[in-house]
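Beneath this line is the structure, given in structure tokens, with notes to follow.
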Amino acid sequence: LAVENGFSQNQMVLDAPVAFKNSASEETWQPQNFSRTYSGEITFRQALAKSKNIPAVRLIQMLGPSAVVQFAHTMGISSALSPELSLALGTAEVSLLDITCAYSVFPNKGSAVKPISIMAVDDSRGRTIWHPKAEKKLIMSEAGAAIVTDMLVAVVQEGTGRKAQMLHKPVAGKTGTTDDFRDALFIGFSPEITVGVWVGQDGSESLGKGETGARAALPIWTEFMSVVLKDRPYGHFGIPDSVSQVRMNPRTGIITSDDIPGTVTILVRKP
């Protein structure tokens with residue numbers, strides 16, 4: 001939603017302790033980063049790559065929780081979502097199928113495809129007598145999908161999803177960990193396939209200290225993807241004509257020239 005509303009990867013957001021007061025109950029909510037450390041001014045790209053909670057909360061505050069809920073439903077999330085700032089921390093329960101389908105929109109150039117469980121029905125002679133028609137709908141711009149994909153590539157290249165680099169192929173995704181290590185997730189994709197992995201217990205008990213998405217779910221994802229991608233040709237994420245590749249200083253967000261060490265390539269919308 002932020003990218004569709006003009007936010008760019010190199011925009012800065014404050015990663016620092018913050019408190020929100022409920023005007024009705026006068027209770028104070030103080031969200032925290034998982035690491036309990038803060039980076040000060042940070043780019044949106046780095047905030048996502050390093051899975052920072054506070055910038056995510058601030059972003060929802062800027063966009064408006066109701067708008068975020070509406071966009072989530074547009075992306076295919078069918079769960080009831082309460083328009084609260086805590087949505088940024090994963091306080092709403094969402095099915096693995098829904099969230100995986102939502103992530104598939106990004107490598108699919110902004111189009112959502114309704115999931116199907118039966119690929120075809122064959123008769124006793126092996127002839128296909130029925131197959132479903134794919135229901136495809138464009139729900140975000142191709143430029144926005146490419147930019148979000150680029151930011152999720154940063155999670156693998158620069159952030160919490162580094163273990164996926166062992167695949168040696170273009171992949172992107174996001175780690176997820178709920179309070180008390182009850183749930184660990186990694187939702188990721190290559191140019192051809194999107195896969196979601198959830199690790200947890202039926203009774204919502206803790207998996208144990210340190211069992212994060214990067215530690216518990218990502219290794220399962222990489223093991224599966226290593227088999228899936230083994231014999232596939234080396235693919236690339238598409239770069240539409242509506243975006244440009246530029247170099248950015250990852251600490252300051254300043255767009256700079258190619259010959260400066262330490263810069264990273266990002267996608268931005270063309271004017």
Side-chain angles (χ1 to χ4, degrees), residues 1-18 31-65 67-68 71 85 87-90 103 105-107 110 140-165 170-177 186-189 212-214 237 239-240 242-271:
L1 177 60
V3 171
E4 289 292 79
N5 279 274
F7 285 76
S8 61
Q9 299 192 54
N10 66 315
Q11 282 185 243
M12 307 298 289
V13 61
L14 182 61
D15 178 33
V18 64
Q32 296 179 318
N33 287 333
F34 177 82
S35 64
R36 302 295 193 270
T37 61
Y38 304 91
S39 303
E41 291 285 338
I42 188 173
T43 65
F44 279 122
R45 178 186 177 94
Q46 283 293 298
L48 180 67
K50 298 184 181 299
S51 202
K52 294 281 191 175
N53 290 338
I54 301 302
V57 174
R58 291 185 187 276
L59 186 56
I60 285 188
Q61 185 185 33
M62 291 182 226
L63 298 169
V68 172
F71 189 75
L85 295 178
L87 278 173
L89 308 187
Y103 269 69
V105 171
F106 307 133
M140 69 181 299
S141 67
E142 191 174 356
I147 290 170
V148 174
T149 295
D150 192 46
M151 294 175 73
L152 292 171
V153 168
V155 175
V156 172
Q157 296 300 320
E158 306 160 26
T160 57
R162 284 191 178 93
K163 290 179 181 177
Q165 292 180 21
V171 292
K174 184 70 182 70
T175 55
T177 310
F186 188 81
I187 315 296
F189 51 84
T212 62
F237 292 116
I239 301 177
S242 50
V243 301
S244 299
Q245 287 184 307
V246 298
R247 300 290 289 181
M248 178 191 80
N249 183 317
R251 296 186 303 277
T252 65
I254 295 174
I255 303 301
T256 184
S257 59
D258 291 346
D259 57 357
I260 297 179
T263 57
V264 296
T265 300
I266 67 169
L267 297 183
V268 297
R269 289 180 185 270
K270 288 183 178 177

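Note that the coordinates shown come from a computational prediction; the quantities given were computed from them, not determined experimentally.
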Without swapping roles, check the side chain of Asn53 against the backbone of Gln32 for a donor-acceptor pair under 3.5 Å. yes
Check whether any side-chain heavy atom of Lys52 sits under 4.5 Å from a side-chain heavy atom of Phe44, and report yes or no. no
Separation between CG (Leu87) and CD1 (Ile60), nearest 0.5 Å, reads 5.0 Å
Pairwise side-chain contact, Ile187 with Lys174, heavy-atom cut-off 4.5 Å (strictly under): no
How close do Ala146 and Pro240 get, heavy atom to heavy atom, and via which atoms? CB-CD, 3.5 Å
Kindly indicate whether the side chain of Arg45, heavy atoms from C-beta on, has any atom under 4.5 Å from the side chain of Val264. yes
Test applied, side-chain contact (heavy atoms from CB on, under 4.5 Å); reference residue, Val13; option that passes from Gln46, Met62, Glu41: Met62
Between Gln165 and Val156, what is the shortest heavy-atom contact and its length? NE2-O, 2.8 Å
Residue pair Glu4 / Ser141, side-chain donor-acceptor N/O under 3.5 Å: yes
Which heavy-atom pair separates Arg269 from Ala143 by the least distance, and what is that distance? NH1-CB, 3.5 Å
What distance do Arg251 atom CZ and Thr263 atom OG1 have between them, rounded to the nearest 0.5 Å? 10.0 Å
Who passes ring pair (Phe, Tyr, Trp, His ring centres under 6.0 Å) against Phe34, sequence neighbours left out? Phe181
Could you tell me the separation between the CD1 atom of Ile266 and the CZ atom of Arg247, rounded to the nearest 0.5 Å? 10.0 Å
Looking just at side-chain N and O atoms, do Ser8 and Asn10 make a donor-acceptor pair shorter than 3.5 Å? yes
Is a side-chain N or O of Asp15 found less than 3.5 angstrom from the main chain of Ser39, in a donor-acceptor match? yes
Apply the test side-chain contact (heavy atoms from CB on, under 4.5 Å) to residues Ile54 and Val18: give CA-CA distance (whole Å), side-chain angles for both, the deciding distance (0.1 Å), then the verdict. CA-CA 8 Å; Ile54 301 302; Val18 64; 4.0 Å; yes
Using atom types as modelled and distance alone, determine if a side-chain donor or acceptor of Asp150 lies under 3.5 Å from a backbone N or O of Leu267. yes
Heavy-atom side-chain proximity of Leu1 to Asn5 below 4.5 angstrom: yes
Shortest non-hydrogen pair, Ile42 vs Ala47, comes out as CD1-N, 3.8 Å
What residues form a side-chain hydrogen bond (donor to acceptor under 3.5 Å, both in side chains) with Thr252, not counting sequence neighbours? none
What class does the angle between the rings of Phe189 and Phe106 fall in, given that below 30° is parallel, 30 to 60° is tilted and above 60° is perpendicular? tilted
Output the distance between atom CG (Leu63) and atom CZ (Phe7), rounded to the nearest 0.5 Å. 5.0 Å
Tightest non-hydrogen contact, residues Phe186 and Gly161, listed as CE1-CA, 4.5 Å
Considering only heavy atoms from C-beta outward, does the side chain of Gln9 approach that of Val268 to under 4.5 Å? no
Sequence neighbours excluded, the answer for ring pair (Phe, Tyr, Trp, His ring centres under 6.0 Å) partners of Phe71 is none
So, do Val3 and Met151 sit near enough that their side-chain heavy atoms are less than 4.5 Å apart? yes
Minimum heavy-atom distance between Asn33 and Tyr38, given as atom pair plus value: ND2-CD2, 3.2 Å
Rounded to the nearest 0.5 Å, what's the gap from OG1 on Thr265 to CD on Gln157? Could you check? 11.0 Å
State, yes or no, whether a side-chain contact exists between Thr43 and Gln11 at a heavy-atom distance under 4.5 Å. no
Does Val243 reach the side chain of Ile147, with side-chain heavy atoms less than 4.5 Å apart? yes
